[in-house]
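Presented below is the structure to which this report refers.
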Amino acid sequence: MFRDALRHDLSQAIARAMQAGAIPEGEVPEFDVEVPRDRRWGDYATNAALVLARQTGRKPREIAQHLVDAYAPPADRIERIEIAGPGFINLTLAWPWRRELVAMICRVGEAYGAQTIGAGIRVNVEFVSANPTGPLHVGTGRNAVVGDVLANLLAALGYGVSREYYINDAGQQVLNLARSVEAHYFGIIGRPKPFPEDGYRGEYVADLARRIADADGDRWLHATEDERLDHFREVSAAWVLADVREALDRFGVRFDTWFSERALVRSGAVERALAALRAREYIYEADGKTWFRSTAFGDDKDRVIVKPTGEWTYFGSDIAYHLDKLGRGFDLLIDVWGIDHIGDVARVKGGLAALGVPPDAVEILIHQHVRLKNEGEILRMSKRTGEFVGLRDLIDAVGPDAARYFHAMVSYTVPMDFDVALAVRHSQDNPVYYVQYAHARIAGILREAAAAHVGASRAADGPGASNGPGAARSLDRLADEREAALIHVLAELPEVIRVAGLRREPHRLCAYAREVAEAFHLFYTHCRVLTDDAELTAARLSLVEAARIVLRRVLGLLGVSAPERM
RNA sequence: GCGCCCGUAGCUCAGCGGAUAGAGCAACUGGCUUCGAACCAGUAGGUCGUGGGUUCAACUCCCUCCGGGCGCUCCA
């Protein structure tokens, strides 16, 4: 907010200084306006003079002086401006400008921070997309949170966002699940059968078999193997998927589209993709298989796209799937994949490039895995062995808010260690409560104010009382340094949303949420809101309201609740 | 072996080419007769894996090496 304005004003000052010949003429360079590490230096600092010094070869502090002269900021916006260190220009804002921001936030309310950068652009965010072969494990949480929060951010930036889950229900793994269920089934109806070697061993597999036996008895004993496995696969995948859906729902993740790979294959889309690739000579036959020339796109060897059995490899249908998404009118596809899929990036992108899809139309975000520990001991998890901690278990233990915040907090590019025992034991220490507590305190104040009939209505008595909250209140009484600090943090919201969204770095939201909470707690500790002084109370209530708006917005983007009480 | 990712406080992690590298947890010391102490104030804790290079300026960019993760399936 302030930053944008300062960037704009400083750019103009640079242009003026150039025109006046105070500094050598040239391009007005990119420069930063940032919050300095030490707040005593000022509210904002810019490195504009340092950048210009590099560009012109002149002394940074000298340039800084010329910029300050050319800027000549209005007194109702800038209280103090000075040159410091190697040539930074430090700026301290004037109170009228700060108060203006508070009024603005109260006026626009929930819309504060919303932007139009993405207006008219349709984005498909595909994430989770776990095989329907068993319940989601904890590791999926990271993927789910990254995708979901990113989708929220993009929506806040004005993009048309659609969330999609790709159901891999056509491959070997669902068949494997069906065989595993089959083995249990035969056991239940008294015709024991050896369990498949890499079958799924979780308890839910036996449950699935029991449900089939309960419904159909031994009817499937007499069916052909194909019919039986077909049916088992169908119902198993459906049941597992329902479970996955419910777990995600409790986690606050909802998809617009659940896209079935089997449906894609049946539609003939995969064959069409293959034909298109063949027409461009990226396909050849060898050893009874059909190959894709992925070496043309930097892969270390060519990859099989159709197996000797006539089945598609996952990668063949993946290309068709992405084409399908583009065909549905999306301008940008974002996939969120685990690091274990890193090798596929070049292949899928290569396949798409071969068909003329522009490289920046598909963005693949790779997240590192979460390594789980229990009291310091590493947990090896596997859906096959059935030894894993479910996402649901985590949610049950710490609640969806803490679980989401925990995952969102850390940049997804770093391998994260997560001690389940510690997380449960210390769930009260989860940083999410620090943020939520700030919101609960605000809610407490507003409740109290409403009960005492103070606040917007009464404080706004006088001219403009009907102009909505904040607008008409006199904010002149805001003058404390903690109030200033809080206002400056609130001012950062649009910038944070923009940077977090454009750079695909959802974890920045958590850092920001903590900053807002910290600034609020500090304000709260030192500045009493409800006092006998009606004007002061009204002014501070406006600031509290602005803080509430920002906290709700940030927590909302994170998919974390903003409690009225804790 | 080849490719990609990661190495920052005891632990989990922030850190945008810029000023004295930060937070939370854990440890220690203080602060509630006033809107919620799930809070606040303070102490302690670091050769930013290593060695070079670029730059007025490097945790940040480039290269070497060391450690860890994940790929290099006709599994996804």
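Proteins come first, then strands; the chains are lettered A, B, ... in the order of their sequence lines, and each starts at number 1. No hydrogens, no waters, no symmetry mates; every other heavy atom, side chains included, goes into these values.
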Rounded to whole Å, how long is the line connecting atom CG of L530(A) with atom C1' of C35(B)? 5 Å

Counting side-chain heavy atoms from CB outward, which of A14(B), A38(B), A37(B) is closest to Y524(A)? A37(B)

Set of residues satisfying salt bridge (Lys or Arg N to Asp or Glu O under 4.0 Å) with respect to R504(A), sequence neighbours excluded: E363(A)

Tell me every residue that passes salt bridge (Lys or Arg N to Asp or Glu O under 4.0 Å) with E197(A), counting only those two or more places apart in sequence or in another chain. none

If you restrict it to nitrogen or oxygen atoms, what contacts under 3.5 Å exist between nucleotides 40-46 of chain B and the protein, and what is each distance?
unit_1, atom_1, unit_2, atom_2, d
C40(B), OP1, Y434(A), OH, 2.4

The ring pair (Phe, Tyr, Trp, His ring centres under 6.0 Å) partners of F88(A) (sequence neighbours excluded) come to none

Watson-Crick/G-U partner (both atom distances under 3.5 Å) of G46(B): none

Using Watson-Crick or G-U wobble geometry with both distances under 3.5 Å, which nucleotide pairs with G67(B)? C6(B)

Could you note down all residue pairs passing salt bridge (Lys or Arg N to Asp or Glu O under 4.0 Å) where residues 505-521 of chain A supplies at least one of them, sequence neighbours left out? R503(A)-E505(A), E505(A)-R508(A), R514(A)-E518(A)

Using whole Å, report how far CD1 of I364(A) lies from P of C70(B). 21 Å

Show the distances under 3.5 angstrom between N or O atoms of the protein and N or O atoms of nucleotides 15-17 of chain B.
unit_1, atom_1, unit_2, atom_2, d
G15(B), OP1, H507(A), NE2, 3.0

If the glycosidic angle is within 90 degrees of 0 it's syn, otherwise anti, so just tell me which one C56(B) is. anti

note: I89(A), atom CD1; A19(B), atom P; distance rounded to Å ~ 16 Å

Side chain of H341(A), heavy atoms from C-beta onward: which of G36(B), C35(B), A76(B) has the nearest atom to it? A76(B)

With a 4.0 Å heavy-atom cut-off, tell me which residues in residues 315-324 of chain A come close to RNA chain B, sorted by residue number. none

On a whole-Å scale, what distance lies between the C1' atoms belonging to A9(B) and U34(B)? 39 Å

Taking the six-membered ring for Trp, is the centroid-to-centroid distance between Y437(A) and Y524(A) below 6.0 Å? no

Nearest of G18(B), C13(B), C35(B) to any side-chain atom of F88(A)? G18(B)

Return whichever of R371(A) or I342(A) has its heavy-atom-nearest nucleotide of RNA chain B closer to the 5' end. I342(A)

Can you figure out which of C70(B), A38(B), C35(B) approaches the side chain of Y437(A) most closely? A38(B)

Could you check whether V410(A) gets within reach of a base, just the sugar-phosphate, or nothing at all, counting any heavy atom under 4.0 Å? sugar-phosphate

Please identify each residue that fulfils ring pair (Phe, Tyr, Trp, His ring centres under 6.0 Å) with Y434(A), with sequence neighbours left out. H521(A)

Please name the nucleotide paired to U29(B) by Watson-Crick or G-U wobble geometry with both distances under 3.5 Å, or report none. A41(B)

Can you find a pair of side-chain heavy atoms, one from F523(A) and one from V544(A), that are under 4.5 Å apart? yes

Nearest to the I339(A) side chain among C75(B), G69(B), U12(B), which nucleotide is it? G69(B)

RNA chain B: 5'-proximal contact among Q172(A) and R303(A) (nearest heavy atom): R303(A)

In whole angstrom, give the distance that lies between atom CZ of F523(A) and atom P of C35(B). 15 Å

Once you round it to whole Å, what is the distance between P of G69(B) and NE2 of H367(A)? 18 Å

Is the shortest heavy-atom distance from the side chain of H369(A) to the side chain of M416(A) under 4.5 Å? no

Apply ring pair (Phe, Tyr, Trp, His ring centres under 6.0 Å) to F127(A) and list each qualifying residue two or more places apart in sequence or on a separate chain. F255(A)

Minimum-distance nucleotide to N90(A) side chain [options: A19(B), A37(B), G3(B)]: A19(B)

Identify which nucleotide among C6(B), G71(B), C35(B) has an atom closest to any side-chain atom of D340(A), counting heavy atoms from C-beta outward. G71(B)

For F195(A), what residues pass the ring pair (Phe, Tyr, Trp, His ring centres under 6.0 Å) criterion, not counting sequence neighbours? H184(A)

Results of salt bridge (Lys or Arg N to Asp or Glu O under 4.0 Å) for E234(A) - residues two or more places apart only: R262(A)

Starting the side chain at C-beta, find the nucleotide from C6(B), G18(B), C13(B) nearest to P415(A). C6(B)

With sequence neighbours excluded, what pairs up with R528(A) under the salt bridge (Lys or Arg N to Asp or Glu O under 4.0 Å) test? none

